[in-house]
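Chain letters run A, B, ... following the sequence lines, proteins first, then strands; residues in each count from 1. In this text, all values refer to a predicted model and were calculated from it rather than measured experimentally.
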Protein chains: 2
Amino acid sequence: MNQTIPAQNISAHSDQHCCNCNLHSLCMAVSLDMTELSKLDDIVDRSKPLSKGQTLSAQGDKFQSVYAIKTGSVKTYTTSCSGEEQITGFYFPGDLIGLNGIDTGICPDSIKILETTTVCQVQFEQLDMLSVELPKLRRQLLKTMSKEICNEQHMLQLLAKKNADERIATFLIRLSNRFKVRGFSESRFRLSMSRHEIGNYLGLTVETVSRVLTRLQKNGLITVENKEIEILDSKALLKLSNGKED
Amino acid sequence: MNQTIPAQNISAHSDQHCCNCNLHSLCMAVSLDMTELSKLDDIVDRSKPLSKGQTLSAQGDKFQSVYAIKTGSVKTYTTSCSGEEQITGFYFPGDLIGLNGIDTGICPDSIKILETTTVCQVQFEQLDMLSVELPKLRRQLLKTMSKEICNEQHMLQLLAKKNADERIATFLIRLSNRFKVRGFSESRFRLSMSRHEIGNYLGLTVETVSRVLTRLQKNGLITVENKEIEILDSKALLKLSNGKED
DNA sequence: ATTTTTAACTGATCTATGTCAGTTTTTCTA
DNA sequence: TAGAAAAACTGACATAGATCAGTTAAAAAT
(Lines give C-alpha, C1' and ligand atoms only; values in the text may rest on other atoms or scores of the structure.)
Protein backbone atom coordinates (compact mmCIF):
# COMPACT_ATOMS: atom_id res chain seq x y z
CA MET A 1 0.00 0.00 0.00
CA ASN A 2 0.82 3.68 -0.14
CA GLN A 3 1.85 3.20 -3.75
CA THR A 4 1.50 5.76 -6.51
CA ILE A 5 -1.92 5.55 -8.14
CA PRO A 6 -1.75 3.76 -11.50
CA ALA A 7 -3.10 5.81 -14.39
CA GLN A 8 -6.02 3.44 -14.90
CA ASN A 9 -7.55 4.66 -11.67
CA ILE A 10 -8.14 7.98 -13.35
CA SER A 11 -11.17 7.37 -15.54
CA ALA A 12 -11.49 9.44 -18.68
CA HIS A 13 -15.16 10.16 -18.20
CA SER A 14 -17.62 11.10 -15.56
CA ASP A 15 -21.01 12.74 -15.44
CA GLN A 16 -19.43 15.69 -13.66
CA HIS A 17 -18.28 18.67 -15.64
CA CYS A 18 -16.47 21.92 -14.90
CA CYS A 19 -19.56 23.91 -15.85
CA ASN A 20 -21.64 22.52 -13.01
CA CYS A 21 -18.85 22.11 -10.49
CA ASN A 22 -19.48 24.22 -7.42
CA LEU A 23 -15.76 24.97 -7.10
CA HIS A 24 -15.91 27.14 -10.17
CA SER A 25 -14.86 30.30 -8.45
CA LEU A 26 -11.97 28.75 -6.52
CA CYS A 27 -10.43 26.53 -9.15
CA MET A 28 -8.49 27.46 -12.30
CA ALA A 29 -11.86 27.81 -14.03
CA VAL A 30 -12.41 31.23 -12.44
CA SER A 31 -14.17 33.63 -14.77
CA LEU A 32 -14.16 31.37 -17.82
CA ASP A 33 -17.38 31.52 -19.86
CA MET A 34 -19.35 28.45 -21.00
CA THR A 35 -17.44 27.92 -24.24
CA GLU A 36 -14.12 28.26 -22.48
CA LEU A 37 -15.24 26.00 -19.65
CA SER A 38 -16.12 23.23 -22.04
CA LYS A 39 -12.66 23.45 -23.63
CA LEU A 40 -11.13 23.06 -20.19
CA ASP A 41 -13.56 20.28 -19.46
CA ASP A 42 -12.25 18.35 -22.46
CA ILE A 43 -8.79 17.96 -20.99
CA VAL A 44 -9.81 17.19 -17.39
CA ASP A 45 -9.79 13.62 -16.12
CA ARG A 46 -11.80 12.88 -13.01
CA SER A 47 -10.82 10.12 -10.65
CA LYS A 48 -12.61 7.63 -8.50
CA PRO A 49 -12.29 8.58 -4.85
CA LEU A 50 -8.81 8.04 -3.46
CA SER A 51 -8.46 6.83 0.09
CA LYS A 52 -6.39 7.88 3.06
CA GLY A 53 -2.70 7.08 2.83
CA GLN A 54 -2.58 6.70 -0.95
CA THR A 55 0.13 8.59 -2.81
CA LEU A 56 -1.22 10.64 -5.70
CA SER A 57 2.26 11.32 -7.03
CA ALA A 58 5.70 10.77 -5.59
CA GLN A 59 8.84 12.87 -5.31
CA GLY A 60 11.11 11.97 -8.23
CA ASP A 61 8.28 10.98 -10.58
CA LYS A 62 8.27 12.50 -14.04
CA PHE A 63 6.18 15.68 -13.97
CA GLN A 64 3.16 15.34 -16.23
CA SER A 65 -0.01 16.44 -14.53
CA VAL A 66 -1.41 18.97 -12.15
CA TYR A 67 -4.32 18.20 -9.85
CA ALA A 68 -7.32 20.14 -8.59
CA ILE A 69 -8.80 18.91 -5.33
CA LYS A 70 -12.54 18.35 -5.65
CA THR A 71 -13.38 16.91 -2.23
CA GLY A 72 -11.27 15.83 0.72
CA SER A 73 -7.74 16.95 1.55
CA VAL A 74 -4.11 16.10 0.85
CA LYS A 75 -0.66 16.98 2.10
CA THR A 76 2.46 17.64 0.05
CA TYR A 77 5.87 16.82 1.50
CA THR A 78 9.50 16.55 0.53
CA THR A 79 11.86 13.90 1.79
CA SER A 80 15.42 15.10 2.34
CA CYS A 81 18.48 13.03 1.52
CA SER A 82 18.73 12.16 5.21
CA GLY A 83 15.24 10.71 4.94
CA GLU A 84 13.44 13.35 6.97
CA GLU A 85 9.97 14.33 5.84
CA GLN A 86 8.99 17.98 5.59
CA ILE A 87 5.34 18.76 4.97
CA THR A 88 5.12 21.76 2.64
CA GLY A 89 1.36 22.22 2.50
CA PHE A 90 -2.17 21.01 3.16
CA TYR A 91 -4.67 21.38 0.33
CA PHE A 92 -8.46 21.49 0.18
CA PRO A 93 -11.26 21.56 -2.41
CA GLY A 94 -10.58 24.08 -5.18
CA ASP A 95 -6.81 24.04 -4.67
CA LEU A 96 -4.62 23.39 -7.71
CA ILE A 97 -1.38 21.55 -6.97
CA GLY A 98 1.63 20.12 -8.76
CA LEU A 99 2.78 23.21 -10.68
CA ASN A 100 6.12 23.17 -8.87
CA GLY A 101 7.24 20.31 -11.09
CA ILE A 102 7.45 22.56 -14.16
CA ASP A 103 10.99 23.76 -13.54
CA THR A 104 12.88 20.47 -13.55
CA GLY A 105 10.28 18.20 -15.13
CA ILE A 106 10.52 16.05 -12.02
CA CYS A 107 8.02 16.17 -9.14
CA PRO A 108 9.88 17.87 -6.28
CA ASP A 109 7.48 16.57 -3.64
CA SER A 110 5.01 13.80 -2.89
CA ILE A 111 1.25 14.18 -2.57
CA LYS A 112 -0.50 12.02 0.00
CA ILE A 113 -4.25 11.66 0.60
CA LEU A 114 -5.34 12.63 4.14
CA GLU A 115 -8.98 11.47 3.91
CA THR A 116 -11.21 10.13 1.14
CA THR A 117 -10.56 12.55 -1.70
CA THR A 118 -11.53 13.15 -5.31
CA VAL A 119 -9.33 15.08 -7.70
CA CYS A 120 -9.37 16.37 -11.26
CA GLN A 121 -6.21 15.57 -13.18
CA VAL A 122 -4.97 17.64 -16.11
CA GLN A 123 -1.95 16.93 -18.32
CA PHE A 124 0.23 19.99 -17.99
CA GLU A 125 1.13 20.09 -21.69
CA GLN A 126 -2.53 20.24 -22.63
CA LEU A 127 -3.19 22.92 -20.04
CA ASP A 128 -0.29 24.99 -21.34
CA MET A 129 -1.54 24.69 -24.90
CA LEU A 130 -5.06 25.65 -23.93
CA SER A 131 -3.68 28.63 -22.01
CA VAL A 132 -2.51 30.18 -25.29
CA GLU A 133 -6.12 30.32 -26.50
CA LEU A 134 -7.59 31.35 -23.16
CA PRO A 135 -5.88 34.40 -21.68
CA LYS A 136 -7.96 34.14 -18.51
CA LEU A 137 -6.78 30.59 -17.96
CA ARG A 138 -3.18 31.62 -18.61
CA ARG A 139 -3.48 34.42 -16.11
CA GLN A 140 -5.10 32.10 -13.60
CA LEU A 141 -2.20 29.64 -13.79
CA LEU A 142 0.27 32.43 -13.13
CA LYS A 143 -1.93 33.69 -10.29
CA THR A 144 -2.04 30.25 -8.72
CA MET A 145 1.74 30.00 -8.72
CA SER A 146 2.14 33.56 -7.53
CA LYS A 147 -0.23 32.87 -4.64
CA GLU A 148 1.69 29.71 -3.77
CA ILE A 149 4.90 31.76 -3.55
CA CYS A 150 3.17 34.28 -1.27
CA ASN A 151 1.79 31.52 0.94
CA GLU A 152 5.24 30.04 1.31
CA GLN A 153 6.67 33.44 2.14
CA HIS A 154 4.14 33.65 4.97
CA MET A 155 5.34 30.26 6.17
CA LEU A 156 8.95 31.47 6.09
CA GLN A 157 7.96 34.34 8.34
CA LEU A 158 6.08 31.98 10.64
CA LEU A 159 8.99 29.57 10.93
CA ALA A 160 11.68 32.23 11.24
CA LYS A 161 9.95 34.53 13.72
CA LYS A 162 6.95 33.06 15.54
CA ASN A 163 6.86 31.07 18.77
CA ALA A 164 4.85 27.90 19.25
CA ASP A 165 1.61 29.59 20.36
CA GLU A 166 1.73 32.05 17.49
CA ARG A 167 2.40 29.28 14.99
CA ILE A 168 -0.57 27.21 16.10
CA ALA A 169 -2.83 30.28 16.27
CA THR A 170 -1.77 31.26 12.74
CA PHE A 171 -2.31 27.72 11.52
CA LEU A 172 -5.85 27.59 12.92
CA ILE A 173 -6.77 31.02 11.56
CA ARG A 174 -5.47 30.19 8.09
CA LEU A 175 -7.49 26.97 8.10
CA SER A 176 -10.55 28.86 9.31
CA ASN A 177 -10.20 31.42 6.50
CA ARG A 178 -9.69 28.77 3.88
CA PHE A 179 -12.76 26.85 5.05
CA LYS A 180 -14.81 30.04 5.08
CA VAL A 181 -13.94 30.85 1.46
CA ARG A 182 -15.03 27.33 0.55
CA GLY A 183 -18.40 27.79 2.18
CA PHE A 184 -17.64 25.58 5.18
CA SER A 185 -17.93 26.72 8.76
CA GLU A 186 -15.12 29.07 9.76
CA SER A 187 -15.62 28.47 13.46
CA ARG A 188 -16.00 24.71 13.62
CA PHE A 189 -13.99 22.20 11.61
CA ARG A 190 -12.29 18.87 11.65
CA LEU A 191 -8.53 18.51 11.28
CA SER A 192 -7.83 15.90 8.64
CA MET A 193 -4.16 15.79 9.64
CA SER A 194 -2.60 14.32 12.80
CA ARG A 195 -0.89 16.31 15.55
CA HIS A 196 2.35 14.85 14.28
CA GLU A 197 1.69 16.27 10.80
CA ILE A 198 0.77 19.68 12.21
CA GLY A 199 4.01 19.69 14.18
CA ASN A 200 6.05 18.62 11.18
CA TYR A 201 4.53 21.39 9.07
CA LEU A 202 5.00 24.06 11.75
CA GLY A 203 8.49 23.06 12.88
CA LEU A 204 7.31 21.84 16.30
CA THR A 205 7.23 18.50 18.07
CA VAL A 206 3.97 16.60 18.64
CA GLU A 207 4.28 17.27 22.35
CA THR A 208 4.40 21.01 21.82
CA VAL A 209 1.39 20.89 19.49
CA SER A 210 -0.58 19.03 22.17
CA ARG A 211 0.47 21.40 24.90
CA VAL A 212 -0.35 24.52 22.90
CA LEU A 213 -3.78 23.22 21.89
CA THR A 214 -4.51 22.40 25.53
CA ARG A 215 -3.30 25.83 26.60
CA LEU A 216 -5.41 27.65 23.98
CA GLN A 217 -8.41 25.67 25.21
CA LYS A 218 -7.69 26.54 28.86
CA ASN A 219 -7.50 30.21 27.90
CA GLY A 220 -10.88 29.98 26.23
CA LEU A 221 -9.72 30.72 22.67
CA ILE A 222 -10.74 27.36 21.23
CA THR A 223 -12.36 24.07 22.06
CA VAL A 224 -10.48 20.92 21.14
CA GLU A 225 -12.23 17.59 21.05
CA ASN A 226 -9.90 15.17 19.39
CA LYS A 227 -9.76 16.27 15.72
CA GLU A 228 -12.71 18.62 16.09
CA ILE A 229 -11.79 22.27 16.60
CA GLU A 230 -14.09 25.10 17.54
CA ILE A 231 -12.84 28.68 17.49
CA LEU A 232 -14.42 30.54 20.40
CA ASP A 233 -12.55 33.83 20.27
CA SER A 234 -11.28 34.46 16.76
CA LYS A 235 -10.28 38.01 17.61
CA ALA A 236 -7.97 36.93 20.41
CA LEU A 237 -6.64 34.10 18.24
CA LEU A 238 -5.88 36.55 15.43
CA LYS A 239 -4.14 38.88 17.84
CA LEU A 240 -2.06 36.00 19.17
CA SER A 241 -1.18 34.87 15.65
CA ASN A 242 0.16 38.32 14.80
CA GLY A 243 2.49 38.03 17.72
CA LYS A 244 4.47 40.28 20.00
CA GLU A 245 2.60 43.32 21.31
CA ASP A 246 2.00 46.07 18.78
CA MET B 1 16.67 58.26 1.09
CA ASN B 2 15.54 54.63 0.90
CA GLN B 3 12.65 55.77 -1.27
CA THR B 4 11.10 53.87 -4.13
CA ILE B 5 12.93 54.62 -7.38
CA PRO B 6 10.99 57.07 -9.54
CA ALA B 7 10.22 55.77 -13.04
CA GLN B 8 12.46 58.38 -14.66
CA ASN B 9 15.48 56.61 -13.28
CA ILE B 10 14.75 53.76 -15.62
CA SER B 11 15.96 54.98 -18.97
CA ALA B 12 14.22 53.66 -22.03
CA HIS B 13 17.39 53.09 -23.97
CA SER B 14 20.90 51.81 -23.59
CA ASP B 15 23.56 50.42 -25.82
CA GLN B 16 23.17 47.05 -24.09
CA HIS B 17 20.86 44.48 -25.58
CA CYS B 18 19.60 41.06 -24.58
CA CYS B 19 21.39 39.53 -27.56
CA ASN B 20 24.83 40.42 -26.26
CA CYS B 21 24.07 40.13 -22.56
CA ASN B 22 26.26 37.48 -20.96
CA LEU B 23 23.39 36.44 -18.68
CA HIS B 24 21.55 34.95 -21.60
CA SER B 25 21.51 31.46 -20.30
CA LEU B 26 20.43 32.36 -16.78
CA CYS B 27 17.78 34.93 -17.47
CA MET B 28 14.32 34.54 -19.00
CA ALA B 29 15.99 34.80 -22.40
CA VAL B 30 17.13 31.17 -22.18
CA SER B 31 17.03 29.42 -25.53
CA LEU B 32 15.40 32.26 -27.44
CA ASP B 33 16.78 32.75 -30.97
CA MET B 34 17.90 36.11 -32.38
CA THR B 35 14.49 37.16 -33.70
CA GLU B 36 12.84 36.24 -30.42
CA LEU B 37 15.55 37.97 -28.41
CA SER B 38 15.03 41.22 -30.24
CA LYS B 39 11.31 41.09 -29.49
CA LEU B 40 12.11 40.66 -25.82
CA ASP B 41 14.69 43.40 -26.11
CA ASP B 42 11.99 45.80 -27.30
CA ILE B 43 10.09 45.63 -24.03
CA VAL B 44 13.08 45.71 -21.66
CA ASP B 45 14.04 48.93 -19.91
CA ARG B 46 17.56 49.16 -18.53
CA SER B 47 18.33 51.31 -15.54
CA LYS B 48 21.22 53.42 -14.38
CA PRO B 49 23.03 51.73 -11.53
CA LEU B 50 21.08 51.73 -8.28
CA SER B 51 22.96 52.16 -5.06
CA LYS B 52 22.94 50.40 -1.71
CA GLY B 53 19.89 50.99 0.42
CA GLN B 54 17.59 52.12 -2.39
CA THR B 55 14.20 50.48 -2.64
CA LEU B 56 13.44 49.15 -6.11
CA SER B 57 9.81 48.52 -5.27
CA ALA B 58 7.93 48.53 -1.99
CA GLN B 59 5.42 46.20 -0.37
CA GLY B 60 1.94 47.54 -1.12
CA ASP B 61 2.91 49.18 -4.44
CA LYS B 62 0.79 48.40 -7.48
CA PHE B 63 2.29 45.40 -9.29
CA GLN B 64 3.42 46.42 -12.77
CA SER B 65 6.91 45.21 -13.53
CA VAL B 66 9.26 42.34 -12.98
CA TYR B 67 13.01 42.82 -12.74
CA ALA B 68 16.03 40.88 -13.90
CA ILE B 69 19.23 41.52 -11.96
CA LYS B 70 22.09 42.36 -14.31
CA THR B 71 24.87 43.12 -11.82
CA GLY B 72 24.98 43.42 -8.05
CA SER B 73 22.53 41.95 -5.57
CA VAL B 74 19.25 42.67 -3.82
CA LYS B 75 17.13 41.33 -0.99
CA THR B 76 13.37 40.89 -0.89
CA TYR B 77 11.53 41.16 2.41
CA THR B 78 8.06 41.38 3.84
CA THR B 79 7.07 43.55 6.75
CA SER B 80 4.44 42.02 9.04
CA CYS B 81 1.63 44.00 10.61
CA SER B 82 3.66 44.09 13.82
CA GLY B 83 6.43 45.78 11.84
CA GLU B 84 8.89 42.91 11.84
CA GLU B 85 10.96 42.44 8.72
CA GLN B 86 11.35 38.98 7.20
CA ILE B 87 13.87 38.59 4.42
CA THR B 88 12.48 36.16 1.85
CA GLY B 89 15.40 35.98 -0.55
CA PHE B 90 18.71 37.27 -1.86
CA TYR B 91 19.03 37.66 -5.62
CA PHE B 92 22.00 37.84 -7.98
CA PRO B 93 22.74 38.49 -11.67
CA GLY B 94 20.40 36.56 -13.95
CA ASP B 95 17.66 36.22 -11.33
CA LEU B 96 14.16 37.33 -12.30
CA ILE B 97 12.10 38.76 -9.43
CA GLY B 98 8.72 40.30 -8.77
CA LEU B 99 6.46 37.62 -10.24
CA ASN B 100 4.83 37.05 -6.86
CA GLY B 101 2.80 40.23 -7.35
CA ILE B 102 0.68 38.64 -10.10
CA ASP B 103 -1.89 37.12 -7.76
CA THR B 104 -3.20 40.20 -6.00
CA GLY B 105 -1.87 42.90 -8.31
CA ILE B 106 -0.09 44.37 -5.28
CA CYS B 107 3.60 43.83 -4.52
CA PRO B 108 3.65 41.45 -1.54
CA ASP B 109 7.22 42.35 -0.62
CA SER B 110 9.86 45.06 -0.93
CA ILE B 111 13.04 44.88 -2.95
CA LYS B 112 16.12 46.59 -1.54
CA ILE B 113 19.52 47.07 -3.18
CA LEU B 114 22.41 45.48 -1.25
CA GLU B 115 25.28 46.89 -3.32
CA THR B 116 25.56 48.91 -6.52
CA THR B 117 23.20 47.09 -8.86
CA THR B 118 21.82 47.31 -12.36
CA VAL B 119 18.52 45.76 -13.35
CA CYS B 120 16.38 45.23 -16.42
CA GLN B 121 12.76 46.19 -15.90
CA VAL B 122 9.88 44.69 -17.89
CA GLN B 123 6.20 45.63 -17.72
CA PHE B 124 4.44 42.43 -16.81
CA GLU B 125 1.51 43.03 -19.19
CA GLN B 126 3.91 43.33 -22.11
CA LEU B 127 5.78 40.23 -21.02
CA ASP B 128 2.55 38.27 -20.76
CA MET B 129 1.49 39.39 -24.23
CA LEU B 130 4.83 38.48 -25.72
CA SER B 131 4.65 35.08 -24.03
CA VAL B 132 1.68 34.18 -26.23
CA GLU B 133 3.88 34.52 -29.32
CA LEU B 134 6.95 32.94 -27.77
CA PRO B 135 6.22 29.53 -26.22
CA LYS B 136 9.79 29.29 -24.93
CA LEU B 137 9.39 32.55 -23.07
CA ARG B 138 6.04 31.44 -21.69
CA ARG B 139 7.57 28.23 -20.46
CA GLN B 140 10.50 30.09 -18.97
CA LEU B 141 8.21 32.31 -16.92
CA LEU B 142 6.42 29.28 -15.51
CA LYS B 143 9.77 27.62 -14.84
CA THR B 144 11.02 30.66 -12.97
CA MET B 145 7.98 30.66 -10.70
CA SER B 146 8.11 26.90 -10.26
CA LYS B 147 11.76 27.15 -9.24
CA GLU B 148 10.95 29.92 -6.80
CA ILE B 149 8.36 27.67 -5.16
CA CYS B 150 10.91 24.85 -4.89
CA ASN B 151 13.52 27.19 -3.41
CA GLU B 152 11.06 28.32 -0.79
CA GLN B 153 10.16 24.74 0.00
CA HIS B 154 13.85 24.12 0.70
CA MET B 155 13.80 27.10 3.01
CA LEU B 156 10.77 25.70 4.83
CA GLN B 157 12.69 22.50 5.43
CA LEU B 158 15.72 24.47 6.61
CA LEU B 159 13.70 26.58 9.03
CA ALA B 160 11.55 23.74 10.31
CA LYS B 161 14.23 21.09 10.77
CA LYS B 162 17.81 22.35 10.73
CA ASN B 163 19.93 23.66 13.61
CA ALA B 164 22.04 26.82 13.46
CA ASP B 165 25.19 25.13 12.09
CA GLU B 166 23.24 23.30 9.41
CA ARG B 167 21.43 26.48 8.40
CA ILE B 168 24.62 28.47 7.95
CA ALA B 169 26.32 25.60 6.13
CA THR B 170 23.33 25.28 3.80
CA PHE B 171 23.29 29.02 3.24
CA LEU B 172 26.98 29.10 2.28
CA ILE B 173 26.69 26.10 -0.02
CA ARG B 174 23.67 27.53 -1.81
CA LEU B 175 25.51 30.79 -2.34
CA SER B 176 28.56 28.91 -3.57
CA ASN B 177 26.46 26.96 -6.07
CA ARG B 178 24.69 30.06 -7.29
CA PHE B 179 27.97 31.89 -7.79
CA LYS B 180 29.43 28.91 -9.62
CA VAL B 181 26.55 28.81 -12.11
CA ARG B 182 27.13 32.53 -12.74
CA GLY B 183 30.77 31.97 -13.54
CA PHE B 184 32.07 33.45 -10.28
CA SER B 185 34.34 31.61 -7.89
CA GLU B 186 32.51 28.94 -5.94
CA SER B 187 35.13 28.80 -3.20
CA ARG B 188 35.77 32.47 -2.55
CA PHE B 189 33.14 35.18 -2.43
CA ARG B 190 32.02 38.33 -0.71
CA LEU B 191 28.79 38.48 1.27
CA SER B 192 26.84 41.53 0.15
CA MET B 193 24.46 41.18 3.11
CA SER B 194 25.14 41.84 6.79
CA ARG B 195 25.25 39.23 9.55
CA HIS B 196 22.00 40.70 10.75
CA GLU B 197 20.40 40.07 7.35
CA ILE B 198 21.75 36.53 7.23
CA GLY B 199 20.27 35.89 10.67
CA ASN B 200 16.94 37.42 9.74
CA TYR B 201 16.76 35.24 6.63
CA LEU B 202 17.77 32.05 8.45
CA GLY B 203 15.68 32.56 11.59
CA LEU B 204 18.72 33.13 13.83
CA THR B 205 20.06 36.04 15.86
CA VAL B 206 23.14 38.01 14.76
CA GLU B 207 25.05 36.60 17.70
CA THR B 208 24.37 33.03 16.61
CA VAL B 209 25.43 33.81 13.03
CA SER B 210 28.72 35.22 14.34
CA ARG B 211 29.33 32.28 16.64
CA VAL B 212 28.61 29.70 13.96
CA LEU B 213 30.87 31.42 11.40
CA THR B 214 33.65 31.52 14.00
CA ARG B 215 33.07 27.86 14.86
CA LEU B 216 33.12 26.77 11.20
CA GLN B 217 36.38 28.65 10.80
CA LYS B 218 37.88 27.03 13.90
CA ASN B 219 36.94 23.63 12.53
CA GLY B 220 38.69 24.42 9.26
CA LEU B 221 35.62 24.33 7.02
CA ILE B 222 35.81 27.96 5.98
CA THR B 223 37.85 31.12 6.33
CA VAL B 224 36.00 34.26 7.37
CA GLU B 225 37.55 37.64 6.95
CA ASN B 226 34.87 40.19 7.51
CA LYS B 227 32.53 39.84 4.49
CA GLU B 228 34.97 37.69 2.56
CA ILE B 229 34.28 33.96 2.76
CA GLU B 230 36.50 31.15 1.57
CA ILE B 231 35.23 27.60 1.53
CA LEU B 232 38.08 25.30 2.50
CA ASP B 233 36.29 21.97 2.86
CA SER B 234 33.17 21.99 0.71
CA LYS B 235 32.61 18.27 1.25
CA ALA B 236 32.46 18.63 5.02
CA LEU B 237 30.31 21.73 4.67
CA LEU B 238 27.88 19.86 2.42
CA LYS B 239 27.75 16.97 4.86
CA LEU B 240 27.02 19.36 7.69
CA SER B 241 24.32 21.12 5.69
CA ASN B 242 22.52 17.85 5.10
CA GLY B 243 22.39 17.37 8.82
CA LYS B 244 21.97 14.52 11.27
CA GLU B 245 24.13 11.49 10.56
CA ASP B 246 23.09 9.39 7.60
C1' DA C 1 -16.43 -7.50 21.95
C1' DT C 2 -11.66 -7.76 22.97
C1' DT C 3 -7.12 -7.12 22.05
C1' DT C 4 -3.55 -4.60 19.73
C1' DT C 5 -1.78 -0.65 17.79
C1' DT C 6 -1.44 4.04 17.17
C1' DA C 7 -2.35 8.79 18.46
C1' DA C 8 -2.72 12.14 21.95
C1' DC C 9 -1.70 13.98 26.19
C1' DT C 10 1.20 15.29 30.38
C1' DG C 11 5.10 15.84 33.56
C1' DA C 12 10.26 16.11 34.45
C1' DT C 13 14.39 17.30 32.68
C1' DC C 14 17.88 19.04 29.24
C1' DT C 15 19.83 21.97 25.76
C1' DA C 16 20.38 24.95 21.77
C1' DT C 17 19.84 29.28 20.98
C1' DG C 18 18.04 33.66 22.55
C1' DT C 19 18.92 37.64 25.49
C1' DC C 20 21.82 40.87 27.74
C1' DA C 21 26.03 43.25 28.27
C1' DG C 22 30.07 44.54 26.97
C1' DT C 23 34.49 44.88 23.69
C1' DT C 24 36.59 45.20 19.32
C1' DT C 25 36.55 46.17 14.57
C1' DT C 26 34.94 48.31 10.56
C1' DT C 27 32.67 51.78 8.10
C1' DC C 28 30.98 56.24 7.63
C1' DT C 29 31.25 61.18 8.12
C1' DA C 30 32.97 65.60 8.85
C1' DT D 1 42.66 61.75 9.70
C1' DA D 2 39.99 61.80 13.70
C1' DG D 3 35.86 60.93 15.79
C1' DA D 4 31.24 58.95 15.61
C1' DA D 5 28.27 55.36 14.40
C1' DA D 6 27.33 50.87 13.03
C1' DA D 7 28.56 46.09 12.58
C1' DA D 8 30.73 42.13 14.31
C1' DC D 9 32.33 39.43 17.89
C1' DT D 10 32.38 37.12 22.60
C1' DG D 11 31.06 35.70 27.25
C1' DA D 12 27.47 34.88 31.00
C1' DC D 13 23.04 33.67 31.78
C1' DA D 14 17.94 32.62 30.82
C1' DT D 15 14.34 30.14 28.59
C1' DA D 16 11.26 28.12 25.01
C1' DG D 17 10.70 24.13 23.34
C1' DA D 18 13.02 19.49 22.61
C1' DT D 19 13.68 15.13 24.57
C1' DC D 20 12.54 11.33 27.49
C1' DA D 21 9.33 8.61 29.90
C1' DG D 22 5.34 7.42 30.90
C1' DT D 23 -0.30 7.42 30.97
C1' DT D 24 -4.66 7.72 28.69
C1' DA D 25 -7.65 7.62 24.82
C1' DA D 26 -8.97 6.43 20.29
C1' DA D 27 -8.73 3.66 16.18
C1' DA D 28 -7.79 -0.84 13.92
C1' DA D 29 -7.59 -5.47 13.77
C1' DT D 30 -8.95 -10.00 15.24
A:T116 and A:S51 side chains, donor-acceptor separation under 3.5 Å: no
B/S/- contact track for nucleotides 21-30 of chain C, protein heavy atom under 4.0 Å: -----SS---
Basic-acidic side-chain contact under 4.0 Å: B:D95, B:R182: yes
With A:N100 via side-chain hydrogen bond (donor to acceptor under 3.5 Å, both in side chains) - residues at least two apart: A:D109, B:Q153
Rounded distance [0.5 Å steps], CG in B:N22 versus OG1 in B:T71: 10.0 Å
Heavy-atom pair with the smallest gap, counting every atom of B:Y91 and B:R178: CA-NH2, 3.8 Å
Whole-Å gap separating P (C:dA8) and CD (A:E228): 14 Å
Between C1' of C:dG18 and CG of B:N163, the distance in whole Å: 15 Å
Between C:dA16 (C1') and B:L202 (CG): distance, integer Å: 16 Å
Derivation and outcome, side chain to side chain donor-acceptor pair (under 3.5 Å), residues B:E115 and B:S73: CA-CA 6 Å; B:E115 61 188 319; B:S73 56; 2.6 Å; yes
Whole angstrom value for the distance that separates C1' of C:dA7 from CE of A:M193: 15 Å
Distance (rounded to the nearest 0.5 Å) between B:L99 CG and A:S146 OG: 8.0 Å
Angle of first-five versus last-five pair axes in the helix from C:dA1-D:dT30 to C:dA30-D:dT1, to 10 degrees: 60°
B:E152/B:K147 salt bridge by N-O under 4.0 Å criterion: no
Whole-Å distance separating the CG atom of B:N200 from the C1' atom of C:dT17: 16 Å
Sugar-phosphate, base or nothing in reach of A:T205, heavy atoms under 4.0 Å: base
Nearest heavy atoms of A:P93 and A:K70, plus distance in Å: CB-O, 3.3 Å
Qualifying side chain to side chain donor-acceptor pair (under 3.5 Å) pairs, either residue in residues 219-232 of chain B, two or more places apart: none
Within-4.5 Å side-chain heavy-atom neighbours: A:N242 and B:S82: no
is_close_aromatic(A:F90, A:Y201), centroid dist under 6.0 Å: yes
Sorted by number, the residues of residues 208-219 of chain A with heavy-atom contact under 4.0 Å to DNA chain C: A:S210, A:R211, A:T214
Whole-Å distance separating the CZ atom of B:R167 from the P atom of C:dT17: 7 Å
B:Q121 versus B:S65, side-chain donor and acceptor atoms under 3.5 Å: yes
Sugar-phosphate only, base, or nothing, as touched by A:G199 at under 4.0 Å among non-hydrogen atoms: nothing
Chain B contact limits on DNA chain D, taken 5' to 3' with a cut-off of 4.0 angstrom to heavy atoms: D:dA8 to D:dA12
